[in-house]
There are 2 protein chains.
Amino acid sequence: MGIKERKEKHKEDLRQRILDAAKELFLKDGYDATSIRKIAEKIEFSPTTIYLYYKDKADIMYALHQEGFKLLSGQFLVLQHVHEPFERLKAMGRVYMNFALNNPDFYELMFIMKEPIEFVKAHCQGEEWEEGEQAFSSLTMTVEHCKAAGYFTKFDTTTFALNIWSLMHGLCGLKLQGHLDHMASTKVELFEGGDLMEVTFAGFVKMLEGLK
Amino acid sequence: MGIKERKEKHKEDLRQRILDAAKELFLKDGYDATSIRKIAEKIEFSPTTIYLYYKDKADIMYALHQEGFKLLSGQFLVLQHVHEPFERLKAMGRVYMNFALNNPDFYELMFIMKEPIEFVKAHCQGEEWEEGEQAFSSLTMTVEHCKAAGYFTKFDTTTFALNIWSLMHGLCGLKLQGHLDHMASTKVELFEGGDLMEVTFAGFVKMLEGLK
DNA sequence: TTAGGAATATTAACAGTGTTAACTATATTT
DNA sequence: AAATATAGTTAACACTGTTAATATTCCTAA
């Protein structure tokens, strides 16, 4: 029964090719410009064929959304080798920041846009999600370790982690949206201190150190 | 020459009616669902007429964007009467949070979407912007006053203000995008402590108090 | 008062979008 | 070989923002 398997594989192959084409378009031109028709053209199939492999556009975008989380999780994983917890926390901030800067479209898809998470709510009932939760638990664990090392002792771990995530997410959002650059260009005195995102992050680290 | 004035007025009137219709649709159904054709239908003109009064859809959305900033600025202005600076800072956080929760579409348009600020960059050369900068300077001034009262003395005012904005913006973004609720629904132990946004904000305030 | 011209508004069209129903060709099973 | 399941396509629907060409209205100047 090798023939059935080969067909299965071919089918899985095409599903992957669709995703690859979508990814290429997405990373080049962003969400809106990634149309079903353009994906179809790239893989040289008719547009409707795509609907045999993915439920709809949101389904494709959700698949990319997952890829993004794998990418970020992988980058976080490396940091487990930084033993000093506060150093690791700082490094996580850097990684998160750089991920947003280097993969702005992924970042948008993962943390800013509504579509993919609404797809989760609608079609992936309850469980799943793994990647995202894993990334957040990396953070809470690091905060926990920091507490053991004498940092943030007065604070609840989860609440503190959420504060850190909020700040980093907000910073990335303001940067990607252009608000930070806009402020740097109008408020001249801000421009002197170098990149506003970098300066703000440095300020945040200083703030965290102040909570030892 | 009252006739010319009347015409001017009529023209300004129609411009406003377009904006009102757009606003109504926008607040009811969001950005994407606010189409030129639907706006036109609402004011009983043909779709193309709208282009005589606004350059394009982004232009209309920019006008709403401005309205949103006026709304928020107005709410901030009231807080000038809170004399104790740290109390005022906390109140600003609350106002910002509630603004995001009560006007999610406005918040998205003002702080999350790319379109309007790209319109500013493309068409409003350099100057203008007022409302947004005014809101931020409300914040920096309050931070400055806090410093005078013994808070955050070790920190640069602008950097600190940017950190505060980032955190509040990130928190609102995570809430509106659904990430916070999603976490509350999966991680059961988080749900017990009440609304996650509220809890996080309380943690932030505590953090700021720790920096006195 | 009437002709000209500007301002205003409309129709028709272009080039797209996501998505579905109906149809065809291919391959597998009975 | 006939029936059936699978894979893919064509055509269409109902939209979108936007522009060019056309019609209508209104004010001004001869």
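Below, each value reflects all heavy atoms present in this structure, side chains not excepted, and no hydrogens, waters or symmetry copies.
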Parallel, tilted or perpendicular: rings of F111(A) and H179(B) (30°, 60°): tilted
Sugar-phosphate only, base, or nothing, as touched by S35(A) at under 4.0 Å among non-hydrogen atoms: sugar-phosphate
Separation of dT19(C) P from D56(A) CG (nearest whole Å): 5 Å
Nearest listed nucleotide, side chain of K57(A), among dA9(C), dT19(D), dG18(C): dG18(C)
Whole angstrom value for the distance that separates C1' of dT20(C) from CD1 of I50(A): 15 Å
Protein-nucleotide distance (E41(A), atom CD; dT9(D), atom C1'), rounded to Å: 16 Å
Y31(B) six-ring centre to K57(B) NZ/CZ under 6.0 Å and within 45° of normal: yes
Donor-acceptor under 3.5 Å (N163(A) side chain, T200(B) main chain): yes
Nearest-angstrom distance from the residue atom CZ of R15(B) to P of dA9(C): 14 Å
Gap between atoms CG and C1', on D32(A) and dG17(D) respectively (whole Å): 12 Å
E67(B)/K70(B) salt bridge by N-O under 4.0 Å criterion: no
Sugar-phosphate only, base, or nothing, as touched by Y53(B) at under 4.0 Å among non-hydrogen atoms: sugar-phosphate
Selected nucleotide, minimal atom distance to Y51(B) side chain, candidates dA9(C), dT19(D), dT10(D): dT19(D)
Candidates dG18(C), dT19(D), dT10(C) - which lies nearest the side chain of F45(B): dT10(C)
Touch class at under 4.0 angstrom, heavy-atom based, for K38(A) against every strand present: sugar-phosphate
Quiz item: T48(A) side-chain donor-acceptor pair to dT10(D) base, under 3.5 Å: yes
Within the 6.0 Å centroid threshold, strictly below: F76(A) and F136(A): no
Side chain of S46(B) - closest among dG8(D), dG18(C), dT11(C): dT11(C)
Atom pair distance, as rounded to whole Å: CG in L52(B) and P in dT19(D): 12 Å
For atom CG of D13(B) and atom P of dA9(C), their distance in whole Å: 12 Å
Closest-nucleotide 5' rank along DNA chain D - winner of R37(A) and T49(A): T49(A)
Length of the line joining Y54(A):OH and dG18(C):P, which is rounded to integer Å: 16 Å
